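Reviewing the structure listed below.
All figures in this text were calculated on a predicted structure; none of them were measured in a lab.
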Amino acid sequence: MTPKWELVSLPRWEMTAYWIFSFSSHLYSFYQLHRFSKEHEVSLDREVQLERGFLIWGFKKDPTDFEWSFWNEWAWRSLLWSLIGHAVVSRLAGHFLPQFRLAVLTAYGVISACWLLGVQGLTLLMLHLSISLVVAQLRSPILSWFCTLLLLCTLNVTALQDLQRGWYTSEDQYYLLLFSTAVCSLRCISFSLESCWRPLNTGGPNHCSHLEEKGLKTLIFQFYKLTAYCFYHPLFYNGPIVTYRDFSEQMERPVCKVSVVYVLSGILRVFVWWCLAEFMIHFMYMHAIQSNETYLEMLPPWALGGLALALVQFFYVKYLVLFGAVSLLVRLDGLEPPRLPRCVSIMYSFTGMWR
């Protein structure tokens, strides 16, 4: 017989010792990486052009993490204000027009996308949605996957890239369209698979013209639901991804009242995470160092370990900010967002963090 193993908690003194050892080793390795960063600050500044720091006086800032710099710039430029606008519109619609709340949020999302991506960018997204919807009517998961992957492949066609870059005055605007299109494609596959798995409901008389009229109305209604799902503003640009089934079911529920304390505490948490991420790239130039093989060979063992720890911890904190801010808005709308990433230092596998 196979013996039954019982899980037993470690003694409290042993857990405390592990926590102290782990925390101390983290701090020491980060300190060694900080020393290395300051010693080579001049040469790093020449290579990657360190930015003038604003969070910590006397420190420069490592701007070479593209994702963090990109979303930070867009947040202060427009996204932060459009997200606040979404929260206000959602509250007003829920109070005065609860039966039309989804339509109001859809209109706000489409207008915001048009404002940031332009008419050409909005037209491109609507084209992707239309193609996905037409293929979804065939109710074939294989064809739906093939269509979505084919649409994603168009993002790498050089001629289309040059055309889309010509729509904008800066590279950042093109990348915003690129990210938005990629995330919309993920939502389209969720919608398409739900259409494939849902039983075909014909109903009504068998008269051909009546069926055609009903089919057209159904198609228009499906396009409206797909647009509402894909253009839901808090999740539009960078996720996280909520499946179409969860979105449609939860959006129909009445919105529960949320206390001001909950909102303020959520904002404070996101702000603390943002400050922590900014502190890390002011205190340690880990992204600039890891992009240069010469510096990697020069790193002492403790600093090299600190570099690895700093990179994964910054990745974790970065997505606490990016997903935490929009998850707060999603909860205010009565939806249940995916769980935030888990700290990598207390995990033995990356699987839980990605999920």
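In this structure, the side chain of Ser69 engages the main chain of Pro63 through a donor-acceptor pair within 3.5 Å. Using a distance-only test at 3.5 Å, with no hydrogens or angles considered, a donor-acceptor pair links the side chain of Ser291 to the main chain of Ala288. A donor-acceptor pair is defined here as one N or O able to donate and one able to accept, closer than 3.5 Å; such a pair exists between the side chain of Ser265 and the backbone of Tyr262. Looking only at distances, no side-chain donor or acceptor of Ser192 sits under 3.5 Å from a matching main-chain atom of Ala136. Looking at His95, its side chain never comes within 3.5 Å of a backbone N or O of Arg91 through a donor-acceptor pair. Side chain of Thr154 to main chain of Leu151: a donor-acceptor pair is present (N/O by atom type, distance under 3.5 Å, no hydrogens or angles). Looking at Gln137, its side chain does come within 3.5 Å of a backbone N or O of Leu133 through a donor-acceptor pair. No side-chain donor-acceptor contact under 3.5 Å links Ser90 to the backbone of Ala87.
Rounding to the nearest 0.5 Å places OH of Tyr224 at 12.0 Å from CG of Leu226. In this structure, CH2 on Trp68 lies 6.5 Å from CG on Leu322, to the nearest 0.5 angstrom. In this structure, CD in Glu41 is found 6.5 Å from CG in Leu50, a value given to the nearest 0.5 Å. Within the model, atoms OG of Ser78 and CD of Glu73 stand 9.5 Å from one another, a figure rounded to the nearest 0.5 Å. From Ile189, atom CD1 reaches atom SG of Cys184 across 13.5 Å, with rounding to the nearest 0.5 Å. With values rounded to the nearest 0.5 angstrom, His86 atom NE2 is found 8.0 Å from Tyr108 atom OH.
A 4.5 Å side-chain heavy-atom check between Thr181 and Leu178 finds every atom pair outside the cut-off. Residues Cys230 and Phe191 fail the side-chain proximity criterion, which asks for heavy atoms closer than 4.5 Å. With a 4.5 Å cut-off on side-chain heavy atoms, Phe36 and Met284 do not count as touching. Residues Met251 and Arg101 are in side-chain contact: their nearest non-hydrogen atoms beyond the backbone lie under 4.5 Å apart. Between Ser25 and Trp302, some side-chain heavy-atom pair lies under the 4.5 Å cut-off. Looking only at side-chain heavy atoms (C-beta outward), Arg331 and Glu336 come within less than 4.5 Å of each other. Looking only at side-chain heavy atoms (C-beta outward), Asn156 and Gln161 come within less than 4.5 Å of each other. Looking at heavy atoms from C-beta onward, Ile289 lies in side-chain contact with Ser37 at the 4.5 angstrom threshold.
Counting heavy atoms of neighbouring residues, nucleotides and ligands inside a 6.0 Å radius, atom CZ of Arg77 exceeds 12 of them. The environment of CD in Glu171 is crowded: more than 12 heavy-atom neighbours from other residues, nucleotides or ligands sit within 6.0 Å. Open room surrounds CD1 on Ile142; 12 or fewer heavy atoms of other groups in view lie less than 6.0 Å from it. For Gln49, the CD atom is loosely surrounded, since the number of other residues' heavy atoms within 6.0 Å does not exceed 12.
A donor-acceptor pair shorter than 3.5 Å can be found between the side chains of Asp62 and Thr64.
Contact detail for Pro240 and Val326: the closest heavy-atom pair is CD-CG2, 3.7 Å. Annotation for Cys147 and Val135: closest pair SG-CG2, 3.7 Å, computed over non-hydrogen atoms. The two residues Pro338 and Val242 come nearest to each other via the heavy atoms CD-CG2, 3.9 Å. Pairing each heavy atom of Val330 with each of Pro234, the nearest pair is CG2-CB, 4.2 Å. Nearest heavy-atom pair across Phe59 and Phe283 is CE2-CD1, 4.3 Å. Considering all non-hydrogen atoms of both residues, Leu328 and Gly266 come closest at CD2-C, 3.9 Å.
Taking hydrophobic clusters as Ile, Leu, Val, Met, Phe, Trp and Tyr residues chained together by side-chain heavy-atom distances below 4.5 Å, Phe146 does not share a cluster with Val157. Taking hydrophobic clusters as Ile, Leu, Val, Met, Phe, Trp and Tyr residues chained together by side-chain heavy-atom distances below 4.5 Å, Ile111 does not share a cluster with Leu83. If you chain together hydrophobic residues whose side chains sit under 4.5 Å apart, Val183 and Val110 never meet in one group. Under the 4.5 Å side-chain heavy-atom criterion for grouping Ile, Leu, Val, Met, Phe, Trp and Tyr, Leu150 is not connected to Leu193 through any hydrophobic cluster. Under the 4.5 Å side-chain heavy-atom criterion for ILVMFWY residues, no single connected hydrophobic cluster contains both Phe279 and Leu27.
Between Tyr237 and His233, the ring-plane angle classifies as perpendicular under the 30° and 60° cut-offs. Under the 30°/60° scheme for interplanar angles, the aromatic rings of Tyr31 and Tyr28 are found to be tilted. Under the 30°/60° scheme for interplanar angles, the aromatic rings of Phe323 and Tyr319 are found to stand perpendicular. Under the 30°/60° scheme for interplanar angles, the aromatic rings of Phe179 and Trp71 are found to be tilted.
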* Asked: Do Tyr295 and Gln290 pass the side chain to side chain contact (heavy atoms under 4.5 Å, CB included) test, and can you show the C-alpha distance, the side-chain angles, and the key distance before you say yes or no?
  -> CA-CA 7 Å; Tyr295 293 117; Gln290 66 95 24; over 6 Å; no

* To do: Test side chain to side chain contact (heavy atoms under 4.5 Å, CB included) on Phe236 and Leu79 and set out the steps.
  => CA-CA 11 Å; Phe236 177 69; Leu79 288 183; over 6 Å; no

* Given Thr123 and Trp167, is the side chain to side chain contact (heavy atoms under 4.5 Å, CB included) satisfied, shown in steps? -> CA-CA 12 Å; Thr123 304; Trp167 296 343; over 6 Å; no

* From CA spacing to verdict: side chain to side chain contact (heavy atoms under 4.5 Å, CB included), Tyr285, Val48 -> CA-CA 10 Å; Tyr285 306 144; Val48 302; over 6 Å; no

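Residues Tyr168 and Tyr174 place their aromatic rings such that the two centres sit no closer than 6.0 Å. Ring to ring, His287 and Phe66 are not that close: their centroids are 6.0 angstrom or more apart.
Figure legend: Lys225 and Phe247 shown without cation-pi pairing, the cationic atom not lying both under 6.0 angstrom from the six-membered ring centre and within 45 degrees of its axis.
Salt-bridge check for Lys318 with Glu67: passed, with a basic side-chain N closer than 4.0 Å to an acidic carboxylate O.
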